[in-house]
Student: 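Here's a structure for you.
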Amino acid sequence: MSSPATNLVLIKDMRPLQRGINCEAIVIQKDPDPTVTRDGDNLHKMLIADKTGSISLTIWNNNGQVLRSGDIIQILGGECKFRKGQLQLSVSRNSKIKRIGQDTFMFVEKPNFSEQTQVPQPTINPHMNPQDQQQRVPRHQQARPSPQPQHRGGFRGGRSRDPRQRGRSTPQPQ
C-alpha cells in the first residue's frame with residue numbers, strides 16, 4: 001500500500017507539535033455531520049487507527065466529506081496537536097489525504113492516544129534516596145523567608161538628602 005520512499009509514522013510515535021506527519025490508517029468511526037466554524041469552514045472529525053493504536057483526526061474543509069468508516073487513508077503532511085488535554089492529528093489545507101483502499105487493514109483500537117491525557121512526569125534524580133524524592137518540594141512551592149528591609153545606596157543617615165528636610169535627622173536602620 002505504501003511506497004517505500006515515504007517515511008510513515010505510527011500513531012504511537014506521534015507527539016504534540018509534530019509536523020509533516022505521513023501515515024496510513026483506517027477510519028474506524030466518523031462524526032455524521034461536520035462542525036461549521038464561525039468562519040464558515042467545515043471541520044470533519046473521525047477516529048482512525050493503525051497497528052499501534054488510534055487517534056482522533058480533524059480534517060479541514062471538504063477533504064473529509066467523501067471518507068467513510070472502513071476507508072484506508074494515506075495522510076501526507078499531517079500535524080499533531082495537543083488540544084483540550086488530548087492528542088489530535090490534523091489535516092489542514094497544506095496537507096494531503098488520499099483514500100487508498102477499504103476494509104483490509106490490520107489495526108487495533110486500543111490504546112486510544114486521544115483519550116489519554118498527557119501529564120508531565122516528574123524528573124527522578126538517580127543519586128537521590130527514594131524517600132527524599134517523595135518528600136522533595138519543588139522550588140516554586142517552597143516557603144520563602146519574609147524579605148528583610150535592606151538599605152540601598154551609600155548614604156546611611158544622619159541627615160536627609162531632601163532639601164526640604166534639611167536639619168531633620170532620619171532614623172538609623174537597625
Side-chain angles (χ1 to χ4, degrees), residues 1-126 128 130-142:
M1 278 186 210
S2 66
S3 63
T6 339
N7 244 351
L8 297 179
V9 178
L10 298 173
I11 290 176
K12 73 175 177 87
D13 296 328
M14 294 180 187
R15 299 287 176 253
L17 302 177
Q18 186 178 4
R19 293 182 174 191
I21 296 174
N22 301 331
C23 69
E24 289 181 356
I26 186 167
V27 178
I28 298 175
Q29 71 185 88
K30 179 182 174 186
D31 285 356
D33 298 318
T35 304
V36 180
T37 65
R38 63 178 168 220
D39 296 331
D41 293 328
N42 289 327
L43 206 63
H44 299 272
K45 295 180 183 178
M46 52 194 76
L47 186 67
I48 62 169
D50 68 4
K51 62 184 177 183
T52 62
S54 60
I55 191 169
S56 86
L57 173 69
T58 304
I59 303 175
W60 288 86
N61 295 325
N62 296 325
N63 291 338
Q65 191 172 345
V66 295
L67 296 177
R68 307 272 182 260
S69 292
D71 286 348
I72 300 168
I73 57 174
Q74 182 181 47
I75 298 171
L76 299 173
E79 196 173 316
C80 200
K81 299 178 180 181
F82 195 65
R83 182 169 166 83
K84 296 182 181 179
Q86 297 178 338
L87 199 60
Q88 293 181 352
L89 182 60
S90 179
V91 175
S92 63
R93 293 176 188 97
N94 302 329
S95 309
K96 293 185 178 167
I97 187 165
K98 181 169 64 169
R99 183 178 179 270
I100 57 174
Q102 186 173 5
D103 292 330
T104 54
F105 190 83
M106 186 177 298
F107 71 95
V108 293
E109 287 186 52
K110 298 290 178 186
N112 184 339
F113 291 96
S114 294
E115 289 177 350
Q116 299 174 354
T117 55
Q118 306 288 331
V119 178
Q121 296 296 320
T123 53
I124 296 176
N125 186 345
M128 191 180 262
Q131 290 86 13
D132 293 340
Q133 287 180 8
Q134 292 174 351
Q135 296 171 357
R136 185 171 171 216
V137 177
R139 183 172 284 174
H140 68 278
Q141 293 178 355
Q142 292 176 356

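What you see below is based on every heavy atom in this structure, not just the backbone, and it leaves out hydrogens, waters and symmetry mates.
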Student: Which pair of heavy atoms, one from S69 and one from I28, lies closest together, and at what distance?
Tutor: OG-O, 3.4 Å

Student: Is D50 reaching over with its side chain to a backbone N or O of I26, donor-acceptor style, under 3.5 angstrom?
Tutor: no

Student: To the nearest 0.5 Å, tell me how far H44 NE2 sits from D33 CG.
Tutor: 10.0 Å

Student: Can you name the side chain to side chain contact (heavy atoms under 4.5 Å, CB included) partners of K51, sequence neighbours left out?
Tutor: L10

Student: If I compare all heavy atoms of S56 with all of L47, which pair ends up nearest, and what's the gap?
Tutor: N-CD1, 4.0 Å

Student: Not counting sequence neighbours, which residues clear side chain to side chain contact (heavy atoms under 4.5 Å, CB included) with Q18? List them please.
Tutor: V9, M14, R15, I21, C80

Student: Tell me, please, which residues at least two apart from R83 pass salt bridge (Lys or Arg N to Asp or Glu O under 4.0 Å).
Tutor: none

Student: Who are the side chain to side chain contact (heavy atoms under 4.5 Å, CB included) partners of D39, not counting sequence neighbours?
Tutor: T37, D41

Student: For the SG atom of C23 and the CD1 atom of I11, what is their distance to the nearest 0.5 Å?
Tutor: 6.5 Å

Student: To the nearest 0.5 Å, what is the distance between CG (L76) and CD (E24)?
Tutor: 9.0 Å

Student: Can you see which heavy atom on W60 is nearest to which on S90, and at what distance?
Tutor: NE1-OG, 3.6 Å

Student: Of the non-hydrogen atoms in K30 and Q65, which two are nearest, and what is the gap between them?
Tutor: NZ-O, 3.5 Å

Student: Partners of N42 by side chain to side chain donor-acceptor pair (under 3.5 Å), sequence neighbours excluded?
Tutor: N62

Student: In Å, rounded to the nearest 0.5 Å, how long is the span from CG of N22 to NZ of K96?
Tutor: 11.0 Å

Student: For the atom pair CG (L57) and NZ (K45), what is the distance rounded to the nearest 0.5 Å?
Tutor: 11.5 Å

Student: My understanding is that only residues two or more places apart in sequence, or in another chain, count here; which of them pass side chain to side chain contact (heavy atoms under 4.5 Å, CB included) with R99?
Tutor: L67, D71, Q102

Student: Distance from M46 atom CE to T58 atom OG1, nearest 0.5 Å?
Tutor: 9.0 Å

Student: Please report the closest heavy-atom contact between K12 and T52, naming both atoms and the distance.
Tutor: N-OG1, 3.2 Å

Student: Using side chain to side chain donor-acceptor pair (under 3.5 Å) as the criterion, list what pairs up with T35, not counting sequence neighbours.
Tutor: none

